[in-house]
**Student:** 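My structure is below; once you've seen it, I'll send some questions.
One-based numbering along the sequence shown.
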Amino acid sequence: MASIRYAAQTVLQEAREGIAWIVIWKEGRGWNAEPFWAEAEDEGSRLTFEEPDAEKIRAILRIDPNAVIVNSYYSNLGDPEAMTRDSLAAAMRWQYKLGSSLLADKIIHNEEKANTESDSAKLKRDKKNAYYKERYDFLKSMGICVRCGQNRAWKGQIHCLECRFKERERQLKYYHENIEKERAKTAERHKKRRQNNIEAGLCAVCGKRKPVEGLKYCDFCRKKINTRNNRRRDLKREVPVFLYGDGQHCTVCGKPVFEDSKLCSKHYKNSIEALVKANEAKRLKKYGGWDGRGDDT
C-alpha cells in the first residue's frame with residue numbers, strides 16, 4: 001500500500017514542469033499517481049489521449065471511478081518554483097477530495113472524438129504525438145531543455161533558465177490581463193473548499209482538524225487568524241504599539257495622556273469609575289452586604 005507522499009514523489013518532476021497531466025487514484029487505502037500527455041481544449045476542460053494511454057486510463061477507472069486528473073498550469077497544485085513532495089501530496093489529497101476534475105469526464109470526450117475522427121486524421125495525430133514524445137524523452141535524457149532544445153537544462157529541471165523566465169512572464173501577463181476573472185475563480189474555489197470542509201465537520205480553513213465548539217475553525221487556525229488580524233490593526237494605528245505607555249501616549253489606545261497619568265482622558269475616566277465600583281463591591285463583600293458606615297440616628 002503506497003502512501004500519498006510516495007505517490008507525490010513519483011510525479012514531483014512532472015508537476016513542477018506543468019506539461020504532463022497527472023492522474024490520481026486510490027486502490028484500497030493506497031494512493032497512486034501517474035503522468036500522461038494529452039491535447040488540452042477549453043482551458044483544460046476537455047482532453048484527448050492517445051489510444052494506449054486511453055486504455056490505461058480505462059483500467060484506472062475500473063479500479064477507482066473517482067479518479068481525478070490535474071495539471072500544474074490548469075489546476076491548483078501550488079507554486080511550481082516552491083513545490084516539494086509534502087506540498088504536492090497535500091494538493092493531491094485536496095484535489096482528490098474536491099473531485100472537480102474527474103477523470104471519467106475527460107475519457108468520455110476522448111472516446112467521442114475518437115469515434116468521429118477519420119482514420120487519416122487519427123494516424124496524423126498519432127505520428128505527431130509520437131514525435132513530440134520521442135523528442136521530449138531524448139532531450140530530457142541528454143540534459144537539454146525540452147522546450148527550446150538548445151540550452152542546457154537547469155539543475156534538477158528539464159528547462160533552461162531562459163525558458164523558465166519566459167514561461168513565468170507569460171503566466172504573469174495572462175494573470176494581469178485576466179486578473180478579475182482569476183480572482184473570481186480563486187474566490188469561488190476557496191468558497192467551495194470551505195463549504196466542503198464545514199460539511200465534513202472539519203476546520204473551514206485547513207480541513208485537517210476538528211473545529212473548536214461553536215466556531216468554524218480549529219484552535220491552530222484561529223490563533224493564526226487572530227495574529228493576522230492583530231497585525232493588520234497595528235498597521236492602521238496612528239501611533240506604533242511600542243510607544244504606548246512611554247509617558248506621552250495612553251497605554252490603551254496610544255492617544256496623548258491626560259495630565260500626569262498614563263492614560264488619555266477617556267480611559268482615565270473609565271479607570272476611575274471602575275476603581276470606585278471595585279471598592280464598593282469589595283466593601284459590600286467584606287461586611288456581608290452592609291456598607292459598614294454605621295447609623296447615626
**Student:** Going from CZ on Arg231 to CG on Asn226, what distance comes out if it is rounded to the nearest 0.5 angstrom?
**Tutor:**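 Rounded to the nearest 0.5 Å, the CZ-CG separation comes to 11.5 Å.
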**Student:** If I compare all heavy atoms of Cys163 with all of Cys145, which pair ends up nearest, and what's the gap?
**Tutor:**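 The pair with the smallest heavy-atom distance is SG-SG, 3.6 Å.
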**Student:** Given side chains that start at C-beta, do those of Tyr6 and Arg85 come closer than 4.5 Å, heavy atoms only?
**Tutor:**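 When only atoms from C-beta onward are counted, Arg85 and Tyr6 do not touch, as no gap falls below 4.5 Å.
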**Student:** Give, for atom CD1 of Ile144 and atom CG of Asn151, the distance between the pair rounded to the nearest 0.5 Å.
**Tutor:**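 Output value for this atom pair is 9.5 Å.
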**Student:** Answer yes or no: is there a donor N or O on one side and an acceptor on the other, between the side chain of Gln13 and the main chain of Gly156, under 3.5 Å?
**Tutor:**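 Looks like yes, one N/O pair under 3.5 Å.
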**Student:** So Gln171 and Tyr175, do their side chains get closer than 4.5 Å, heavy atoms only?
**Tutor:**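 Contact flag for Tyr175/Gln171 side chains = no.
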**Student:** Determine, stepwise, if the pair Glu55 / Arg58 fulfils salt bridge (charged side-chain N to carboxylate O under 4.0 Å, His left out).
**Tutor:** CA-CA 5 Å; Glu55 183 61 32; Arg58 294 188 193 98; 2.9 Å; yes
**Student:** Following the transitive rule for hydrophobic clusters with a side-chain heavy-atom cut-off under 4.5 Å over Ile, Leu, Val, Met, Phe, Trp and Tyr, establish whether Ile22 and Leu98 coincide in one cluster.
**Tutor:**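 Looking at the clustering, Leu98 is in a separate group from Ile22.
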**Student:** List the steps, then state whether side-chain contact (heavy atoms from CB on, under 4.5 Å) holds for Ile60 with Phe36.
**Tutor:** CA-CA 13 Å; Ile60 293 173; Phe36 290 87; 4.2 Å; yes
**Student:** Could you tell me the separation between the CG atom of Leu275 and the NZ atom of Lys282, rounded to the nearest 0.5 Å?
**Tutor:**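 One finds 10.0 Å between CG of Leu275 and NZ of Lys282.
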**Student:** Are Met83 and Trp154 linked, directly or through intermediate hydrophobic residues, by side-chain heavy-atom contacts shorter than 4.5 Å (ILVMFWY only)?
**Tutor:**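 No, because Trp154 and Met83 fall into different hydrophobic clusters, even though each may have its own neighbours under 4.5 Å.
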**Student:** Could you check whether any side-chain heavy atom of Cys148 comes within less than 4.5 Å of a side-chain heavy atom of Cys160, counting everything from C-beta outward?
**Tutor:**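 Counting from C-beta outward, Cys148 and Cys160 do come under 4.5 Å.
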**Student:** Is it the case that the side chain of Ser72 and the backbone of Leu77 share a donor-acceptor pair, with hydrogens and angles ignored and the cut-off at 3.5 Å?
**Tutor:**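 Such a contact is absent between Ser72 side chain and Leu77 backbone.
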**Student:** Checking side-chain polar atoms at under 3.5 Å, does Tyr132 have a donor or acceptor matched by the opposite partner on Asp137?
**Tutor:**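 Judged by distance alone, the side chains do not pair up.
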**Student:** Taking atom CZ of Arg209 as the centre, does the number of heavy atoms from other residues, nucleotides or ligands within less than 6.0 Å exceed 12?
**Tutor:**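 Enclosed: over 12 neighbouring heavy atoms sit under 6.0 Å from CZ of Arg209.
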**Student:** For residues Tyr96 and Trp25, establish whether the separation of their ring centroids is below 6.0 Å.
**Tutor:**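 For Tyr96 and Trp25, the ring centres are not under 6.0 Å apart.
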**Student:** Quick check: does any side chain N or O of Asp64 sit under 3.5 Å from a backbone N or O of Lys26, one acting as donor and the other as acceptor?
**Tutor:**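 At least one qualifying donor-acceptor pair exists.
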**Student:** Please determine whether a side-chain nitrogen of the Lys or Arg among Asp219 and Arg222 lies less than 4.0 Å from a carboxylate oxygen of the Asp or Glu.
**Tutor:**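 Salt bridge present between Asp219 and Arg222.
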**Student:** Do any N or O atoms from the side chain of Arg194 and from the backbone of Val205 form a donor-acceptor pair under 3.5 angstrom?
**Tutor:**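 Side chain of Arg194 to backbone of Val205, a donor-acceptor pair under 3.5 Å: no, none is there.
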**Student:** Looking at side-chain heavy atoms only, is the closest gap between His249 and Lys255 below 4.5 Å?
**Tutor:**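 SC-SC contact between His249 and Lys255 ruled out.
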**Student:** In the single-linkage hydrophobic clustering (I, L, V, M, F, W, Y; side-chain heavy atoms under 4.5 Å), do Phe165 and Tyr174 co-cluster?
**Tutor:**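 No, it is not one cluster - the side chains of Phe165 and Tyr174 are not joined through contacts under 4.5 Å.
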**Student:** Below 4.5 Å, heavy atoms only, C-beta onward: do Arg5 and Asp86 meet side chain to side chain?
**Tutor:**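 Contact flag for Arg5/Asp86 side chains = yes.
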**Student:** For atom CD of Glu199, decide whether the heavy atoms of other residues, nucleotides or ligands shown that lie under 6.0 angstrom number more than 12.
**Tutor:**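 Counting other residues, nucleotides and ligands, CD of Glu199 exceeds 12 neighbours.
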**Student:** Do the side chains of Cys264 and Cys253 get nearer than 4.5 Å, heavy atoms only?
**Tutor:**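 The answer is yes, as the side chains (C-beta and beyond) meet within the 4.5 Å cut-off.
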**Student:** Nearest 0.5 Å, please: how far is CG in Asn71 from CD in Gln95?
**Tutor:**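 Answer for the CD-CG pair, Gln95 versus Asn71, is 10.5 Å.
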**Student:** Would you mind reporting whether Leu103 and Ile57 have side-chain heavy atoms less than 4.5 Å apart?
**Tutor:**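 Yes, close enough: below the 4.5 Å cut-off.
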**Student:** Should the pair Arg170-Glu167 be classified as a salt bridge under the 4.0 Å nitrogen-to-oxygen rule?
**Tutor:**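 Yes.
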**Student:** I need the minimum non-hydrogen distance between Leu202 and Pro211, along with the two atoms involved.
**Tutor:**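 Between these two residues, the closest heavy atoms are C-CD, 3.9 Å.
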**Student:** Ignoring hydrogens, what is the shortest heavy-atom contact between Val252 and His267? Give both atom names and the distance.
**Tutor:**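 Reported closest heavy-atom pair: CG1-NE2, 3.4 Å.
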**Student:** Could you report the tightest heavy-atom contact between Asn32 and Gly30, atom names first, then the distance?
**Tutor:**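 Distance-wise, the nearest heavy atoms are ND2-O, 4.0 Å.
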**Student:** Side chains of Ile24 and Val70: closer than 4.5 Å at any heavy-atom pair?
**Tutor:**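 Ile24 vs Val70: side chains touch.
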**Student:** Between the main-chain N or O of Phe258 and the side-chain N or O of Ser265, is there a donor-acceptor pair closer than 3.5 Å?
**Tutor:**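 Side chain of Ser265 to backbone of Phe258: no pair is present.
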**Student:** Enter the distance from Arg232:CZ to Arg228:CZ here, rounded to the nearest 0.5 Å.
**Tutor:**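 Those atoms lie 5.0 Å apart.
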**Student:** For Arg147 versus Arg135, what's the shortest heavy-atom pair and its separation?
**Tutor:**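 Closest approach of Arg147 to Arg135: O-NH2, 3.6 Å.
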**Student:** Only one of Ile158, Leu12, Val146 passes side-chain contact (heavy atoms from CB on, under 4.5 Å) with Glu17; say which it is.
**Tutor:**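 By the side-chain contact (heavy atoms from CB on, under 4.5 Å) criterion, Glu17 pairs with just one of Ile158, Leu12, Val146: Ile158.
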**Student:** Measuring from Glu182:CD to Glu177:CD, what's the distance to the nearest 0.5 Å?
**Tutor:**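 These two atoms lie 11.0 Å from each other.
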**Student:** Which atom pair, heavy atoms only, marks the closest approach of Asn197 to Cys203?
**Tutor:**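 Scanning both residues, the minimum pair turns out to be CB-O, 3.3 Å.
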**Student:** Between Glu162 and Lys166, does any NZ, NE, NH1 or NH2 come within less than 4.0 Å of an OD or OE carboxylate oxygen?
**Tutor:**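 Yes, Lys166 and Glu162 are salt-bridged.
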**Student:** List the steps, then state whether side-chain contact (heavy atoms from CB on, under 4.5 Å) holds for Phe220 with Lys224.
**Tutor:** CA-CA 7 Å; Phe220 180 78; Lys224 289 177 61 177; 3.4 Å; yes
**Student:** Decide, yes or no, whether a salt bridge links Lys277 with Glu280 under the criterion of side-chain N to carboxylate O below 4.0 Å.
**Tutor:**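 Between Glu280 and Lys277 there is no salt bridge, as every charged N stays at least 4.0 Å from the carboxylate O atoms.
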**Student:** Taking Leu263 as the starting point, is it possible to reach Ile272 by hopping between hydrophobic residues whose side chains are less than 4.5 Å apart?
**Tutor:**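 Per the 4.5 Å side-chain linkage, Ile272 and Leu263 are co-clustered.
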**Student:** Membership question, hydrophobic clusters at under 4.5 Å side-chain separation (ILVMFWY): are Met92 and Trp94 in the same one?
**Tutor:**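 Per the 4.5 Å side-chain linkage, Trp94 and Met92 are not co-clustered.
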